[in-house]
Amino acid sequence: MDDFVVALGGKTGNFQGQFDYVLTHSYGHILQLKEPQEMVGDDKKTRYSSWRSLKYFPWDEKDFSWAKKIVPGRMKTLKEIRDAAKDCDGIIIATDDDPSGEGDLLGWEIVNAIHWKKVVYRIRFEDQSPKSIIAAMRQMTDVTNQMEQGEYLEALARQRFDLLSMQLSRIAMIYAKKAGYRPKTMRIGRLKSAIVGLIFDRNTEIENYVKKPYFEVKFKDQNGNIFSRKFDPDKDKFRFAEIKGAKDDLANFASSSIVIDEKKLKKQTPPPLVDLGQIGILVGAKGYKDKEIIKTYQDMYQAQIVSYPRTEDTQVTLEQFNELLPLVDQIANVIGVDSKLLIRRKPRLKFITKQAAHGANRPGLKVPKSLEQLEKRFGKIGVEIYQVVAKSYLAMLAEDYVYEAQKAHLAKYPDFKSSIQLPKEMNYKLIFDDRDLSDEEEIEAHEFKDPAAPFVYEGANPKPGKPTKKFILNFLKKHNIGTGATRLQTLAEISSGKGSLASLYRGGYILNYEGQVQAILSKGSMIASPKITKRLFDGMDRVKRKELDYQLIPQSMQTIVRHDMPIFETNSTILDQNATLQKLASKHQTKTVSKKVASKDKVTGKFNGEEISFNQTWGGHKFTQQEVADLLEGKTITINYRSKRGAQKSVSGKLAKQSYKGRSFYGFKPEF
DNA sequence: GCAAGGTC
């Protein structure tokens, strides 16, 4: 709002002789949808509260009133807006121009909540400069008929779609329980499930990885540079599965001198400005938790030390660039960067955009006096954050990194080649080293040095990398899921609190019990596919353009649920086969009272000419189909079971008519 | 118990 006060000349006033205005502000979503069971009639409350029966799914979105309630703690803001609007003739919803319609949604939520019956206008600003704000004010549009406004409807559709996806958590829970598992909760949704699925797939690949070593002759020069041949598995025969082959091959080679083919000077421009996800990676590497990073960054933003956190922008406008330019020496001084490196005071085009609401994450207009002062106010983590943000920004003002690319081959064996990159001028890399953000390992480079000698090199098929924070954030970025901030936020949410699905272990995420159960259950489902977000966004775009009825988007959740339910069901039968889950399940038992409980599932069949049913599980052991058939035939079988004290034991027995508390039943009778 | 979106 401060930017509007500056642009329009006060908190109240007259806009260009056209109308009087009063400025007031909101704060994120002031309202949220009620719980499913709160949105339906009394006769349907049982159905929409239930976590017990599959017969209640899929939900019918037509049963919902889609009523909203005030977010706890936001009543004050709502009242302020209501009071400010009291004597006005119209309300202008003013937010940045974001394609998802979220600004329209949260604006309309407020307008509806205060029962506003007069005119509503909409403006969208490109950035928060006075020029852009005034330009936006001049392009006010009347949106009073909200059900005709595409941006509102697309966001409404998204919101309802996401809420309806809740039911998949209940469905997963029911299938989990039927299979004998007791997760505390399931958290299935298009974002969380995409991440959980990614972690699951990566870790499964790692578990299934079988190292296949190979051996071949390579050369090493006096500085350790390696010369090797290009390998084509269809043609070439110089790679051996056993070391002996390569050792024999070694006899065919002798030391050789090096011929340099090419020396070229190359330049590399500074990397794009960091987003909050990357800040999370870099600061997280120093041992701080994502949640702390997000919170501290938010606090620093409110103190204007850094710019707006939840930006979608990766560049800045020329105005934003020029605004910060007079402060760069001061910023450099605070973080101990030599101002002399900041040569490019005119921006490179790659960092500049015509349109940016908030601009990329960067230092704010208030420069801290010193790192000590920063630490006093925001802790050591604040210092780390500021350093990352400031260095990334200042690097943009430095000259390109210059290196010499050299290519060489061996004089005696021209097929053996090598290439190196020799740093010549570090320039921006003296300020900000982007190595930590890329997956490539940088090797210290040395000049080629004669002679190169042959040796037997041992390689292997590459082991899949762990699902690191970097890997997950890059994956989400690639699939256009969320902004840098929401990506980091979701990742933080997934690995903390009571609904925790995963945890960070030695740099990689591993799923815990709940995460593993839901990953297996939702494997191959639509809700867990990263494509679902793209499909949703495409649909929203069509709603915005009035090509699609917005109600069809929430309605499509019925199709998704119908499609996914049988997948969950099939997947629930293989929970028992997942070794990682079995390990987690045994830990889960010791931690909580709830555990892999004996399933009460019954099996039926003919026994002694009589149609009977009996429990499929005994002592934690679930009879296989073969065992069930054997039991029905009267055969004695031997099973492994869990004793009351938890020990694994073996026992033989057969099916028999028994009685318990005066009630007769058929069941497995052990022969102790 | 369950989503994803927003954060003066």
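Since this is a predicted model, take the numbers as computed values, not measurements. Every chain is numbered from 1, with letters handed out A, B, ... down the list of sequences.
Checking B:dC2, B:dT7, B:dG5 against the side-chain heavy atoms of A:Gln298 singles out B:dT7 as nearest. Out of B:dA4, B:dT7, B:dG1, the shortest distance to the side chain of A:Asp162 is found at B:dA4. Residue A:His29 places its side chain closer to B:dG6 than to any other of B:dG6, B:dA3, B:dG1. Of the listed nucleotides (B:dG5, B:dA3, B:dC2), B:dC2 has the atom at the smallest distance from the side chain of A:Thr185.
Straight-line distance from the CD1 atom of A:Ile30 to the P atom of B:dG5: 18 Å, rounded to whole Å. Spacing between atom CE of A:Met557 and atom C1' of B:dA3 amounts to 9 Å, rounded to whole angstrom units. When the C1' atom of B:dT7 is taken as reference, atom CD of A:Glu109 falls 13 Å away, rounded to whole Å. Regarding A:Leu31, its CG atom lies at a distance of 20 Å from the P atom of B:dA4, rounded to whole Å. Following rounding to the nearest Å, A:Met166 (CE) and B:dA4 (P) show an atom-to-atom distance of 10 Å. Rounding to whole angstrom units, CD of residue A:Glu312 and P of B:dG5 are separated by 11 Å. Rounded to an integer number of Å, the gap from A:Phe57 CZ to B:dC2 P is 14 Å. For A:Lys534 and B:dA4, the NZ to C1' distance is 19 Å, given to the nearest whole Å.
An aromatic stacking contact links A:Trp51 with the base of B:dG1, defined here by ring centres under 5.5 Å apart and ring planes under 30° from parallel.
Within 4.0 Å (heavy atoms only), A:Leu163 reaches at least one base atom of the nucleic acid. Residue A:Tyr48 is classed as having no contact, given no heavy-atom separation below 4.0 Å to the nucleic acid. Using a 4.0 Å heavy-atom distance criterion, A:Tyr297 is classed as making no nucleic acid contact. Here A:Thr486 lies in heavy-atom contact (under 4.0 Å) with sugar-phosphate atoms only. Within 4.0 Å of A:Met186, counting heavy atoms only, lie sugar-phosphate atoms of the nucleic acid but no base atom. Among the protein residues, A:Arg52 comes within range of no part of the nucleic acid, since none of its heavy atoms lies under 4.0 Å from any strand. Across all strands, A:Ser26 comes closer than 4.0 Å only to sugar-phosphate atoms, never to a base (heavy-atom distances).
A distance below 6.0 Å separates the ring centres of A:Phe125 and A:Phe4. Between A:Tyr48 and A:Phe64, the ring center distance clears the sub-6.0 Å criterion.
Annotation: cation-pi pair A:Arg202/A:Phe471 present, NZ/CZ under 6.0 Å from the ring centroid and within 45° of its normal. A cation-pi arrangement, defined by a distance under 6.0 Å to the six-membered ring centre and an angle within 45 degrees of its axis, is absent between A:Arg535 and A:Phe537.
Counting non-hydrogen atoms of neighbouring residues, nucleotides and ligands closer than 6.0 angstrom, the NZ atom of A:Lys289 reaches no more than 12 such neighbours.
Toward the 5′ end of DNA chain B lies the nearest nucleotide of A:Ser165, the other residue of the pair A:Leu106 and A:Ser165 mapping further downstream. With DNA chain B read from its 5' end, the first of the two nearest nucleotides for A:Asp98 and A:Arg170 is the one closest to A:Arg170.
A:Lys531 is linked by a side chain to side chain donor-acceptor pair (under 3.5 Å) to nothing, counting only residues two or more places apart in sequence or in another chain. With sequence neighbours left out, A:Asp564 forms a salt bridge (charged side-chain N to carboxylate O under 4.0 Å, His left out) with no residue at all.
The backbone N or O of A:Gly515 lies less than 3.5 Å from no partner atom in the side chain of A:Gln518, so there is not a single donor-acceptor pair.
For the OP1/OP2 pair of B:dA3 and a distance below 4.0 Å, the side-chain nitrogens and oxygens of A:Arg187 include at least one atom meeting the criterion. Taking only side-chain nitrogens and oxygens, A:Arg310 comes nearer than 4.0 Å to OP1 or OP2 of B:dT7. Residue A:Arg190 has a polar side-chain atom (N or O) positioned under 4.0 Å from OP1 or OP2 of B:dG5. Dashed line: the shortest gap from a side-chain N or O of A:Tyr308 to OP1 or OP2 of B:dT7 is under 4.0 Å.
Ring planes of A:Tyr308 and A:His358: parallel class, angle under 30° (limits at 30 and 60°).
For the segment residues 33-47 of chain A, the set of residues with a heavy atom within less than 4.0 Å of an atom of DNA chain B comprises A:Glu35, A:Pro36, A:Gln37, in numerical order.
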